[in-house]
Amino acid sequence: MPATEPAHRSPESSDVEALHRLVLQSLDDDQAVDTISIPLAGKSSIADYMVIASGRSTRQVASMAQKLAERIKGETGRPARIEGLPSADWVLIDGGDVIVHLFRPEVRSFYNLERMWSFGDAPAAPAAPN
């Protein structure tokens with residue numbers, strides 16, 4: 001593995017896709033709102049996917065983040081880093097190959113990450129769990 005590659009990134013695309021599906025399913029189970037997935041592979045070295053979703057309240061955002069981090073650790077054995085608790089206006093979950101941003105709707109529209117990370121592509125499509 002090259003020295004510039006982050007240690008937490010897994011080289012297996014099947015592992016990446018399984019993690020991506022886990023994230024989308026977890027957010028769907030927790031009734032996340034307006035979930036989108038932005039593929040980053042070949043465009044950024046930070047991750048293969050960025051998933052953005054909203055919760056209806058800070059309580060829901062915090063709950064979704066904690067459950068997702070637990071599910072990622074349970075499936076991969078690696079802890080996911082969480083930033084943004086306890087305020088839970090914007091919570092970042094770093095799952096390695098999948099980065100997840102959870103927002104309250106007002107905060108999400110203010111930062112508009114979807115537009116910032118669109119790379120001039122068509123707008124990011126809503127994500128559906130597989």
Asker: If I take atom CG from residue L24 and atom CG from residue L68, how far apart are they, to the nearest 0.5 angstrom?
Answerer: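 Atom-to-atom, L24:CG and L68:CG are 9.5 Å apart.
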
Asker: Just jot down the side-chain hydrogen bond (donor to acceptor under 3.5 Å, both in side chains) partners of R71, sequence neighbours excluded, or say none.
Answerer: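 Once residues adjacent in sequence are excluded, the partners of R71 under the side-chain hydrogen bond (donor to acceptor under 3.5 Å, both in side chains) criterion are S26.
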
Asker: Is the backbone of R108 close enough, under 3.5 Å, to the side chain of E114 for a donor and an acceptor to pair up by distance?
Answerer: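 Side chain of E114 to backbone of R108: no pair is present.
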
Asker: Rounded to the nearest 0.5 Å, what's the gap from CG on L19 to CG on D97? Could you check?
Answerer: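 Separation between the atoms: 6.5 Å.
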
Asker: How about K43 and I38: do any of their side-chain heavy atoms sit closer than 4.5 Å?
Answerer: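 Sidechains of I38 and K43: no contact.
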
Asker: So how far is it from M50 CE to L92 CG, rounded to the nearest 0.5 Å?
Answerer: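 Here the rounded value is 8.5 Å.
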
Asker: Sequence neighbours left out, what passes side-chain contact (heavy atoms from CB on, under 4.5 Å) with E17? Give chain and number order.
Answerer: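 For E17, the residues satisfying side-chain contact (heavy atoms from CB on, under 4.5 Å) (neighbours in sequence not counted) are H20, R21, Y49.
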
Asker: Restricting to non-hydrogen atoms, name the atom on G96 and the atom on A47 that form the minimum distance, rounded to 0.1 Å.
Answerer: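 Between these two residues, the closest heavy atoms are O-CB, 3.8 Å.
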
Asker: Within the structure provided, determine whether L27 and V23 are in side-chain contact (heavy-atom separation under 4.5 Å).
Answerer: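 Result yes, sub-4.5 Å side-chain heavy-atom pair found.
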
Asker: Do V33 and I36 land in one hydrophobic cluster if side-chain heavy atoms of ILVMFWY residues count as linked below 4.5 Å?
Answerer: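 Per the 4.5 Å side-chain linkage, V33 and I36 are not co-clustered.
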
Asker: Nearest heavy-atom pair of I82 and A65: which atoms, and what distance?
Answerer: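 Closest approach of I82 to A65: CD1-O, 3.9 Å.
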
Asker: What residues, two or more places apart in sequence or in another chain, satisfy side-chain contact (heavy atoms from CB on, under 4.5 Å) together with S63?
Answerer: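 S63: side-chain contact (heavy atoms from CB on, under 4.5 Å) contacts with K67.
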
Asker: If you look at every heavy atom in F103 and V61, which pair is closest and at what distance?
Answerer: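 Residues F103 and V61, closest heavy atoms: O-CG2, 3.5 Å.
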
Asker: Which residues pass the side-chain hydrogen bond (donor to acceptor under 3.5 Å, both in side chains) test with D34, not counting sequence neighbours?
Answerer: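 Partners of D34 by the side-chain hydrogen bond (donor to acceptor under 3.5 Å, both in side chains) criterion come out as none, since no residue qualifies.
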
Asker: Among residues at least two apart in sequence or on other chains, which ones pass side-chain contact (heavy atoms from CB on, under 4.5 Å) with A80?
Answerer: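 If we apply the side-chain contact (heavy atoms from CB on, under 4.5 Å) test to A80, skipping adjacent residues, the hits are A69, I72, I93.
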
Asker: OG1/T58 to CG/L102 distance, rounded to the nearest 0.5 angstrom?
Answerer: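 Spacing of OG1 (T58) from CG (L102) equals 12.5 Å.
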
Asker: Given D15 and T76, is the side-chain contact (heavy atoms from CB on, under 4.5 Å) satisfied, shown in steps?
Answerer: CA-CA 9 Å; D15 292 346; T76 67; over 6 Å; no

Asker: Does the side chain of V51 come within less than 4.5 Å of V98's, by heavy atoms?
Answerer: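 Yes; the side chains approach each other to less than 4.5 Å.
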
Asker: Closer than 3.5 angstrom, by distance alone: can the side chain of Q60 be matched with the main-chain N or O of Q31 as a donor-acceptor pair?
Answerer: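 Looks like yes, one N/O pair under 3.5 Å.
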
Asker: So, using side-chain hydrogen bond (donor to acceptor under 3.5 Å, both in side chains) as the criterion, who are the partners of D89 when residues are at least two apart?
Answerer: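 Scan of D89 (side-chain hydrogen bond (donor to acceptor under 3.5 Å, both in side chains), adjacent residues dropped) gives R104.
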
Asker: Where is the tightest heavy-atom contact between V91 and A88, given as atom of each residue plus distance?
Answerer: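 Closest approach of V91 to A88, heavy atoms only: CG2-CA, 3.6 Å.
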
Asker: Are any of the side-chain heavy atoms of D48 and L40 separated by less than 4.5 Å?
Answerer: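 Of all side-chain heavy-atom pairs linking L40 with D48, none is under 4.5 Å.
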
